[in-house]
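What follows is a short report on a single structure.
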Amino acid sequence: MRGRTHVLRKHGLGLSALLLVGSVSALALPGGASATTAQATAGVKRTAECQGDWLPATPTAPEIMDGKLSFLDFPAVSVGKNVNWRADPYRNRSWQMVFQSLRWMGRLVADYETTGKEEYLKRATEIAKDWVADNPYGGRGTAKYAWDEHPIALRAPALVCLSRHVKGTWLTRSLARHAKLLADPSKYEEGHNHGLDQDIGLLRIGCRYGNKGWKNLAMRRMVKSMKLDIDSEGALMEQAPRYAIYVHERLRVAMDTMADCGIKAPATLVRRWNSLTGHIAAATMPNGYLVPIGDGPADIQPSGFDHGKKTVEVFRAGYVFGRTTWDDPQSAYYSIRFGPGRKFHGHEDHLGVTYYAQGRSILTEVGFHSYENTPYRRWTMTPEAHNVPVIVGRKFRGHTATALTRRSIGKDRQSFTLTDRAYGVRRTRSVLVNHHDDVMAVLDTGGGKLRNLWHLDPALKVVSSERGRIVMADGNWRATLVQLEMPSCKPIGGQRVVTGQTGPYQGWISPGYMKKERAPAVVSPAAEALLTLIVPGTDKPSVTCSGRSVAVHTSGGKVTLRVGTSGTLS
């Protein structure tokens, strides 16, 4: 279970006996361990609780010893000898969560085991003891995020690691408090990655102190929760493929913890863990980057995730991922969103598409900026930050489900039809992708006039916009977006190309965490029905109509498609 997948960027004291009414008792160490440090004759003993991939790589032990903490690519912060646990230098909730998790303290203990440097253990003990003293549960001066559910879950294994080398009532009492909160059903995040972290934390404490109740609860919850979070097809239900990577990594940590504890991993967990790899691989574009859907940065490069033979995969969780072929950077690639209403790490991106062809990203998502409650973050989650149709004059109804009503999957050509009532009236989008002679065609219809939005990759520059044609360029390479009003099949002009607008936001892309840059967005004119053609490789595609047939002349040849009376493409 200890093989690593890489990402580039019981019987014992019962719960009631340990957690007395109105107080938290100290935990008893099995075997009566009494040394302040545990050292083997030939050096420091390495422990399962402290070794492994559960610890972050930054900050390093020397940085921590120097009082320098660097989290989330923010500049390092000097914390000094006496840490101010209420520090919030960047007004950033994620920074505070990592700070309060104390996993960076665990780094010192792990490195103490591998180097034998007593000063590492001494400083780790000072940090943990100071945190416990300054952050009593429910205390008036306790740091704001100290006892939030996720920091508790991530901090528990770090304190367990420390407990392998340090004895003290202050530590065992704190671990008992952590276990009580982790076991509290009112605080448990079922069907979510936080719930998995809570289970790992509780299992670590239960195994460390031989508490059968905690171990059994953690295992029981984990199986149930992961069956909710990962469906039978291997898709993560949190609506952001980036979190599938996180859950995959954390499930591996969970199974390592079980092995350390002498527990056989349940078969259903192993199956769900293995099934995630196909979902992650399908969501990875030919350039090696994960498609930035939901709360997923555009700079994630998964590796080591095996893929199957299918080039088009449809997940009931709400994803279509298609490509020309595997393992070719020049392969065309697309994604389409549908499925259950928004939750967890999802955005209001239903009916949204992305498109990659001829070695370039063309249509992309605005992406993930941060979890900070800012106007920009809120905008990134709206329909206007995605490649979707918007019904004019109708109020958007969030958390609306979208149905995939039709699919046709051929080797070199696929089409899909989706529909919902996110604006109170029927909204339908049909998507057709033709490979080799690369074309993406999108037909939008609805109960009234609609506009659609197209977010272009920031590497592309709009070089012309006239008579319903937007020509974009990357060096000498060209691609064209053509829009036709249906059913007349006549070119429709009046597109606006927006870049870097702030009132309201439009024309931005977030290429990574806490980053944003200007990028062209095409806002269509309003019409009863719009046919949008994306033609890579040419700035002069010929488009002709005959009845309900549309012929598109690409750089490689002619592609013919048919517009159905019910708003479908074939």
Side-chain angles (χ1 to χ4, degrees), residues 1-5 10-19 26-33 38 40 44-55 101-103 106 109-110 113 152-167 171-172 174-184 188-190 193-227 229 247-274:
M1 293 299 182
R2 294 187 186 273
R4 182 173 176 85
T5 300
K10 300 175 171 138
H11 183 74
L13 292 177
L15 181 64
S16 60
L18 291 170
L19 305 175
L27 295 168
L29 288 170
V44 179
K45 181 182 178 181
R46 297 192 186 190
T47 66
E49 289 89 346
C50 294
Q51 298 303 313
D53 295 328
W54 66 276
L55 287 169
S101 76
L102 292 193
R103 290 207 295 173
V109 189
E113 289 190 347
I152 294 171
L154 298 177
R155 190 169 54 241
L159 294 177
V160 168
C161 165
L162 182 64
S163 78
R164 294 295 297 180
H165 303 282
V166 172
K167 177 185 176 182
L171 181 54
T172 52
S174 184
L175 278 165
R177 171 62 72 183
H178 280 71
K180 179 180 181 180
L181 295 172
L182 289 170
D184 186 343
Y188 184 60
E189 297 288 333
E190 187 176 65
N193 67 84
H194 287 198
L196 176 57
D197 285 333
Q198 289 171 306
D199 293 331
I200 292 170
L202 185 61
L203 183 59
R204 271 295 180 202
I205 299 174
C207 291
R208 177 73 180 99
Y209 296 105
N211 188 289
K212 186 177 180 180
W214 292 340
K215 290 191 289 185
N216 288 348
L217 176 60
M219 292 299 300
R220 198 164 56 244
R221 291 191 318 189
M222 193 185 303
V223 170
K224 181 182 177 184
S225 182
M226 287 301 97
K227 287 174 71 175
D229 204 25
V247 170
H248 187 271
E249 290 185 335
R250 296 301 290 168
L251 263 177
R252 178 179 47 76
V253 170
M255 290 187 285
D256 285 349
T257 301
M258 294 174 207
D260 297 336
C261 196
I263 299 172
K264 183 179 180 180
T268 185
L269 273 185
V270 176
R271 283 195 300 271
R272 299 283 164 136
W273 180 66
N274 285 325

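- Counting heavy atoms from C-beta on, the side chains of I205 and N211 never come closer than 4.5 Å.
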> Can you list the steps and then say if M222 with L269 is a side-chain contact (heavy atoms from CB on, under 4.5 Å)?
Replying inline: CA-CA 8 Å; M222 193 185 303; L269 273 185; 3.7 Å; yes
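- Under the 4.5 Å side-chain criterion, counting only non-hydrogen atoms from C-beta, C207 is not in contact with E49.
- If you take OH on Y209 and CZ on R204, they are separated by 12.5 Å, rounding to the nearest 0.5 Å.
- Taking each heavy atom of N193 and D229 in turn, the nearest pair found is N-OD2, 3.9 Å.
- A 4.5 Å side-chain heavy-atom check between Q198 and L181 finds every atom pair outside the cut-off.
- Residues E189 and S225 share a closest heavy-atom pair of O-OG, 4.3 Å.
- A donor-acceptor pair is defined here as one N or O able to donate and one able to accept, closer than 3.5 Å; such a pair exists between the side chain of Q51 and the backbone of A110.
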> How far apart are the C-alpha atoms of L202 and L217, what are their side-chain angles, what is the distance that settles it, and do they pass the side-chain contact (heavy atoms from CB on, under 4.5 Å) test?
Replying inline: CA-CA 8 Å; L202 185 61; L217 176 60; 3.9 Å; yes
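- Listed for the R208 side chain is a donor-acceptor partner under 3.5 Å among the backbone atoms of S163.
- K224 meets the salt bridge (Lys or Arg N to Asp or Glu O under 4.0 Å) test with E190; sequence neighbours excluded.
- Side-chain contact between W214 and L182 is absent, with no heavy-atom pair separated by less than 4.5 Å.
- At a threshold of 4.5 Å between non-hydrogen side-chain atoms, the residues H178 and L159 count as touching.
- With sequence neighbours excluded, the residues forming a side-chain hydrogen bond (donor to acceptor under 3.5 Å, both in side chains) with R221 are D199, listed by chain and number.
- The shortest side-chain heavy-atom distance between N216 and M219 does not fall under the 4.5 Å cut-off.
- Note that the CG atom of L203 and the CD1 atom of I200 stand 8.5 Å from one another [nearest 0.5 Å].
- The heavy-atom pair separating S101 from A158 by the smallest distance is O-CB, 4.5 Å.
- Scanning all heavy atoms of the two residues, the minimum distance from C50 to L55 falls at O-CD1, 3.9 Å.
- Using a 4.5 Å cut-off on side-chain heavy atoms (C-beta onward), L171 and L162 make contact.
- Taking the side chain as every heavy atom from C-beta outward, M226 and T268 never approach each other to under 4.5 Å.
- Here the CG atom belonging to D197 is positioned 12.5 Å from the CD1 atom belonging to I152, to the nearest 0.5 angstrom.
- Scanning all heavy atoms of the two residues, the minimum distance from A156 to L175 falls at O-CD2, 3.9 Å.
- W54 contributes no side-chain N or O that, together with a main-chain N or O of R103, makes up a donor-acceptor pair within less than 3.5 Å.
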